[in-house]
Amino acid sequence: MSSTVSLQQLKVELELLEEEAEQDIAKAVDEDSLEKLRVNLLGKKGRLSTVLGAMGQLPSSDRPLVGQRANVLKNQLQGLISQRLQLLKQKALADLVAKETIDVTVPSIGTPVGKRHPLIQTSEEIVDLFCGLGYGVAEGPEVENDHYNFTALNIPENHPARDMQDTFYLGENLLLRTHTSPVQIRYLEHNPPPVRVVAPGRVYRRDTVDSTHSPVFHQVEVLAIDEGLDFSHLRGTVMAFLKAFFGDLPVRFRASYFPFTEPSAEVDVQWRGRWLEVMGCGMVDPAVLEGLGLDPDRWSGFAAGLGVERFCMVRHGIDDIRRLYTSDLRFLDQF
Ligand code: DAH
């Protein structure tokens with residue numbers, strides 16, 4: 001602005017400023033550029049200040065006119081800027097909301113949920129049914145020693161019954177347990193009768209795999225020791241359990257032999273027109289009780305060993321035991 005500034009010039013300058021400022025404010029796209037614009041227009045070194053500075057060169061009679069006009073313009077621009085600011089804030093919020101909106105109708109990709117293996121389900125169901133009859137639950141190690149797996153169960157060294165359980169030995173004295181019966185001994189060592197207990201678990205035998213054999217399988221051991229227990233208690237318990245598990249399938253007891261029970265029996269259920277063995281059982285042999293320091297004239301009891309795979313296969317109509325070990329999810333997903 002030259003030193004010979006005129007009233008007319010300043011008026012034009014203010015009009016120009018007004019026109020441009022209004023357009024620029026309306027075009028500001030975000031808060032940052034609006035703020036820059038505000039400083040540019042109304043700041044200490046802004047365009048309006050420049051006009052006011054030049055006003056000093058006017059004759060004093062002209063100054064109020066320009067001053068008044070500049071003040072009105074200042075208020076007007078401040079108003080426009082704060083309106084625009086309001087609008088930009090609303091727009092920013094709306095954009096954010098639009099960007100972060102979740103479409104709850106989009107189908108989910110699903111989270112795969114694991115479930116218990118059918119063998120574990122079956123084992124748990126068996127254990128549950130016995131718990132309903134007042135039994136507790138016990139466990140024992142899968143690596144056993146000769147004493148618990150055989151000797152304490154009345155199976156002395158060189159007894160032919162050891163051959164029936166072709167065995168994985170881990171050394172002189174250690175082996176993978178061939179049945180859950182050793183838990184009977186371990187439990188009675190620490191729990192004086194009366195006892196009622198079931199022991200589920202994995203057992204091992206040197207068997208060749210086919211549709212009904214596996215070198216690893218599962219049993220649930222049952223043990224009840226009390227005063228005055230006899231075979232009718234065994235039979236009543238087994239019948240009540242089988243009815244609860246299978247419903248009304250026909251059941252038969254067959255005389256059998258186990259070194260740790262006398263008398264012994266095997267229990268079959270009739271399924272698909274034939275008899276299927278599902279457990280061995282019997283009255284605990286007095287020799288086993290004596291070995292534990294229990295008086296067989298006072299204490300008696302019964303025991304049973306259930307094959308979990310059999311129960312599972314009958315329950316679900318599974319024709320090949322290998323299906324239970326191959327971890328094929330197309331199969332396992334059905335249970
Ligand atoms: N331990 C036997 C086996 O694995 C099954 C068995 C039979 C368990 C009779 C028992 C029993 O408790 O009384 O072949």
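Given the structure is predicted, the values throughout are model-derived calculations rather than measurements. Indexing begins at 1, ligand by ligand and atom by atom, following the structure's order. For the numbers below, each heavy atom of this structure counts, side chains included, while hydrogens, waters and symmetry mates do not.
For ligand 1 and Gln219, the ligand atoms under 4.0 Å from any heavy atom of the residue are 3 (C), 4 (O).
Considering backbone and side-chain atoms alike, His179 places an N or O below 3.5 Å from some N or O of ligand 1. Considering backbone and side-chain atoms alike, Ala304 places an N or O below 3.5 Å from some N or O of ligand 1. When only interatomic distances are considered, the shortest N/O to N/O separation between Thr261 and ligand 1 does not fall below 3.5 Å.
Taking the centre of each ring, Phe241 and Tyr135 stay at or above the 6.0 Å mark. Checked against a 6.0 Å centroid threshold, the rings of Phe260 and His179 count as neighbours.
Neither the backbone nor the side chain of Ser264 comes within contact range of ligand 1; no heavy atom lies under 4.0 Å. By the criterion of a heavy-atom distance under 4.0 Å, both the backbone and the side chain of Ala303 are placed next to ligand 1.
Proximity annotation for atom 14 (O) of ligand 1: of Arg205, Met279, Arg177, Arg205 comes nearest, heavy atoms only.
By the 6.0 Å contact criterion, CZ on Arg252 is enclosed, its count of non-hydrogen atoms from other residues, nucleotides or ligands being greater than 12.
The closest approach between a heavy atom of Gln184 and any atom of ligand 1 is below 4.0 Å. Proximity of Phe260 to ligand 1 is established by a heavy-atom distance of less than 4.0 Å.
Among residue pairs with one or both ends in residues 227-246, those qualifying as salt bridge (Lys or Arg N to Asp or Glu O under 4.0 Å) are Glu227-Arg298, Lys243-Asp248; sequence neighbours excluded.
Here Glu125 does not pair with Arg116 in a salt bridge; the nearest charged N to carboxylate O distance is not below 4.0 Å.
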Extract all donor-acceptor atom pairs below 3.5 Å that involve side chains of residues 92-105 and protein atoms in other chains or at least two apart in sequence.
from   : atom 1 : to     : atom 2 : distance (Å)
Thr101 : OG1    : Val97  : O      : 2.6
Asp103 : OD1    : Thr105 : N      : 2.9
Asp103 : OD1    : Thr105 : OG1    : 2.6
Asp103 : OD2    : Thr105 : OG1    : 3.4

